[in-house]
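In what follows, a single structure is set out as structure tokens and then discussed.
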Amino acid sequence: MWVKFFSVLFILLEIYNFSHAQLCQGSLGDPIINITFGSGTNPGPSLAAATTNYQYVSADCPTDGFYTVRNNTNACFGNTWHSFASDHTGDPNGYCMLVNASFQPSVFYLDTVRNLCSNTTYEFAAWIMNLNVPSACSGNTIQPNITFSIERTNGTILQIYNTGSIPPLSAPTWKQYGFFFTVPVAVSDIVIRITNNSQGGCGNDIALDDITFRKCGPLIINSIDGGPATAKSVCSGALNEFLLSCSISGGFTNPVFQWQSNNPSNSNIWTDVIPAVNSSSFNFIIPAQSLPGVYRMRLAVAESGNINAFQCRIYSQPFSFTVIASPVTTAINDGPTCEGGTTILAATGGIQYTWNGPNSFTATGSTIQLGNVQTNQAGKYYVVVSNATGCINKDSTSVIINPLPLASTGFSNTSFCLKDSVQLIAAGGLTYQWIPATGLSDANVFNPKASPEESVQYMVIVSNQFLCKDTSFVTLNVIQPPIADAGSDKIIFQGQSIQLAGSIIGQGNNFSWSPPTYIDDILSLQPFINPPVDASYILKTTSNFGCGTYSDTMYVKVYKNIFVPNAFSPNGDGINDTWNIPALITYSFFELAVYNRYGQLVFQTKNTAKPWDGTYKGKPMPVGSYNYFINLGESQDILKGSVLIIR
């Protein structure tokens, strides 16, 4: 297969060469012609009829003598073509031209370029890919062979360049071919002729992209602040100033200079600096308020009289200045804080943080904790925040540390009797809270009245106008009254004596019994008594701390004999529901047994004056007479008789 080229190709060459591209070794101007084939979705548009005599198809994989414009190709001719997904620049939407060559070698592009600068050197370049894989055509593909020719309009050849055979490679590979040439004096129009030299057959298929035609001039060497450099990075928020300089190798008779700028808002547009600075040096200033982005400068050079002609200029490599955003910071603290508390300093926006503050304070880290703070630590704390690119920003936060109130009370401890009260007094703040509130007339005043039931320690929390708090304590010792316990009531037979079991609980050591009759010692807590009749004895005690006199009474029942009821009515009316013989308790040993008329034991108690409720094994006994026997022990006679159950 033959490759026939299309397009508006511009060819620059300085020497006749069949092996290597002769690209410009000096500095270049912007492309006067720049054929990129555009971009978009597949397929791309056909070319103008004047640029090629090949036929256009919209589908992928054109056959012999056809071409298409696309941003990719995939699995053509049984994968004997390379598959690729973008143009030469890597743009997935960028178009390139796919050519399946015709069978006959021929000129496939011919065009005239007008209004060039006379006596000026230009570079022509184009990117070409051999579409065939090495295994195509059984490993014997026809290799493309392209000749570029620059001619005067009268046919005189100014420069010619041949690519030589372009071999197939194992991976899709773009290669730039080009050369440079000089437009003669008094000539401004030239002819571009592109010829495919290979014979037709299997192979000879190419992709073509990015055809450029640029002025080629002397080499321009950049320097920044006197040193070789083309790029710098700076941080936003600060004014930066650089001296840009360019040195130009020989080649211009009377060079003229024009500086151009390019801003991040539109990286494809270069603008002349106005007013023009006709010097190879430029004082470039990046204001502090410049937004982050890449700011570029370059120097345009041309012969005197040609500086305003775009096609006559060459340019230095761009000076590139990247303005990096300084950190966007915050600096805060969790205050105001009360004296003695903890304050947290916090900053955000970077990866490194350096703090300084009052009293020569220094620290590092995004979060800093200040413990047990004092009022002399109040003030402004500064932080320097650095981001990953080394740019910094400064921020600050003001720390407020409020003083504590000085809590005090009128006394630390006191004692008083139960049921009395004491006036508490606190000072040192604006508000007060007493804990616990039990026994206080008001827990939220500075002077509550306290009447606790038992000893207690009160804490008062005193707050000032900053809501800072201090505490003080008061201990109240509540003197409990002594408790006199005369013991349980007693039962005796006339003539018997019995010991009392009195006791005093609490702080009361002064006590006595009354009346003093039939008692052996009124100043003993366990005296013996033997009253001949029922009597009451009072145990009285007096508080050691003057907290009053307290007493308790016990009753003595004196029996002259044992009274045994002869009937009871267990009917639940609350009257005589049980058969009870209280006097039995006066005997240290006794035994009571009750039998029915059949001699069956239905109730029994021993040494306990337990009443009988008229039941046997939980069931009511029938109305009737029941015999009882009472053994009093101590060599006394056995009492016996009968008791009647009435319903």
Side-chain angles (χ1 to χ4, degrees), residues 1-7 9 11 17-21 35 37 42-44 47 51-90 94-109 125-149 160-179 193-211:
M1 286 181 259
W2 233 152
V3 164
K4 256 192 180 181
F5 227 58
F6 103 106
S7 210
L9 301 177
I11 309 166
N17 189 341
F18 290 95
S19 59
H20 299 290
I35 300 174
F37 302 102
N42 285 325
L47 304 181
T51 61
T52 182
N53 57 8
Y54 278 53
Q55 290 184 274
Y56 170 79
V57 293
S58 61
D60 196 4
C61 312
T63 58
D64 292 345
F66 290 85
Y67 78 94
T68 188
V69 176
R70 301 182 65 82
N71 55 38
N72 64 67
T73 186
N74 185 48
C76 286
F77 306 110
N79 288 309
T80 60
W81 277 19
H82 288 297
S83 295
F84 57 87
S86 67
D87 69 359
H88 139 256
T89 66
Y95 293 138
C96 61
M97 181 182 183
L98 305 182
V99 181
N100 193 328
S102 62
F103 286 100
Q104 297 300 322
S106 62
V107 174
F108 63 87
Y109 182 83
W127 291 86
I128 296 176
M129 177 198 300
N130 187 334
L131 288 173
N132 298 117
V133 301
S135 60
C137 307
S138 301
N140 295 306
T141 61
I142 297 174
Q143 299 177 6
N145 184 294
I146 308 298
T147 295
F148 306 99
S149 178
I160 190 169
Y161 171 74
N162 179 257
T163 63
S165 295
I166 302 175
L169 300 175
S170 58
T173 305
W174 290 97
K175 183 177 180 181
Q176 189 181 38
Y177 296 89
F179 56 93
R193 189 186 306 273
I194 304 175
T195 305
N196 188 334
N197 302 307
S198 292
Q199 298 178 352
C202 186
N204 198 14
D205 305 312
I206 65 169
L208 176 67
D209 199 10
D210 291 315
I211 304 165

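Taking CG of L98 as the start and SG of C76 as the end, the distance is 7.5 Å to the nearest 0.5 Å. Distance check: N100 CG to Q55 CD gives 12.5 Å after rounding to the nearest 0.5 Å. Of the inter-residue distances, the one linking F84 atom CZ with T73 atom OG1 reads 6.0 Å to the nearest 0.5 angstrom. Taking CG of N145 as the reference point, atom CG of N197 lies at 4.5 Å (rounded to 0.5 Å). Taking CE from M129 and CG from L208, the interatomic distance works out to 11.0 Å, rounded to the nearest 0.5 Å. Here the CD-CG distance, from Q176 to D209, works out to 11.0 Å after rounding to the nearest 0.5 Å.
Residues T147 and I160 have side chains in contact (heavy-atom distance under 4.5 Å, counting atoms from C-beta outward). Residues N42 and Y95 are in side-chain contact: their nearest non-hydrogen atoms beyond the backbone lie under 4.5 Å apart.
Residues forming a salt bridge (Lys or Arg N to Asp or Glu O under 4.0 Å) with D60 (at least two apart in sequence, or on another chain): R70. Residues passing the ring-ring contact (aromatic ring centres under 6.0 Å, His included) test with Y56, sequence neighbours excluded: Y67.
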Show the numbers, then the answer: is there a side-chain contact (heavy atoms from CB on, under 4.5 Å) between C96 and W127? CA-CA 10 Å; C96 61; W127 291 86; over 6 Å; no
Decide yes or no on side-chain contact (heavy atoms from CB on, under 4.5 Å) for I206 and I166, but give the supporting numbers first. CA-CA 9 Å; I206 65 169; I166 302 175; 5.5 Å; no
Determine, stepwise, if the pair F37 / N71 fulfils side-chain contact (heavy atoms from CB on, under 4.5 Å). CA-CA 10 Å; F37 302 102; N71 55 38; over 6 Å; no
Please report the C-alpha distance between W81 and N132 in whole Å, then the side-chain angles of each, then the deciding distance to 0.1 Å, and finally whether the side-chain contact (heavy atoms from CB on, under 4.5 Å) criterion is met. CA-CA 5 Å; W81 277 19; N132 298 117; 3.6 Å; yes
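S83 approaches A75 most closely through the heavy-atom pair OG-N, 2.8 Å. The two residues N72 and A85 make their nearest non-hydrogen contact at CB-CA, 3.8 Å. Here the closest heavy-atom approach between residue G203 and residue C137 is recorded as N-SG, 3.8 Å.
A donor-acceptor pair is defined here as one N or O able to donate and one able to accept, closer than 3.5 Å; no such pair exists between the side chain of T68 and the backbone of P62. The backbone N or O of H82 lies less than 3.5 Å from no partner atom in the side chain of N79, so there is not a single donor-acceptor pair. Judged purely by atom type and a 3.5 angstrom limit, N162 uses its side chain to pair as donor or acceptor with the backbone of I146.
Relative ring orientation between H88 and W174 is described as perpendicular, the plane-to-plane angle rising above 60° on a 0-90° scale split at 30° and 60°.
Side-chain atoms of N140 and S138 form no donor-acceptor pair, as typed in the model, at a separation below 3.5 Å.
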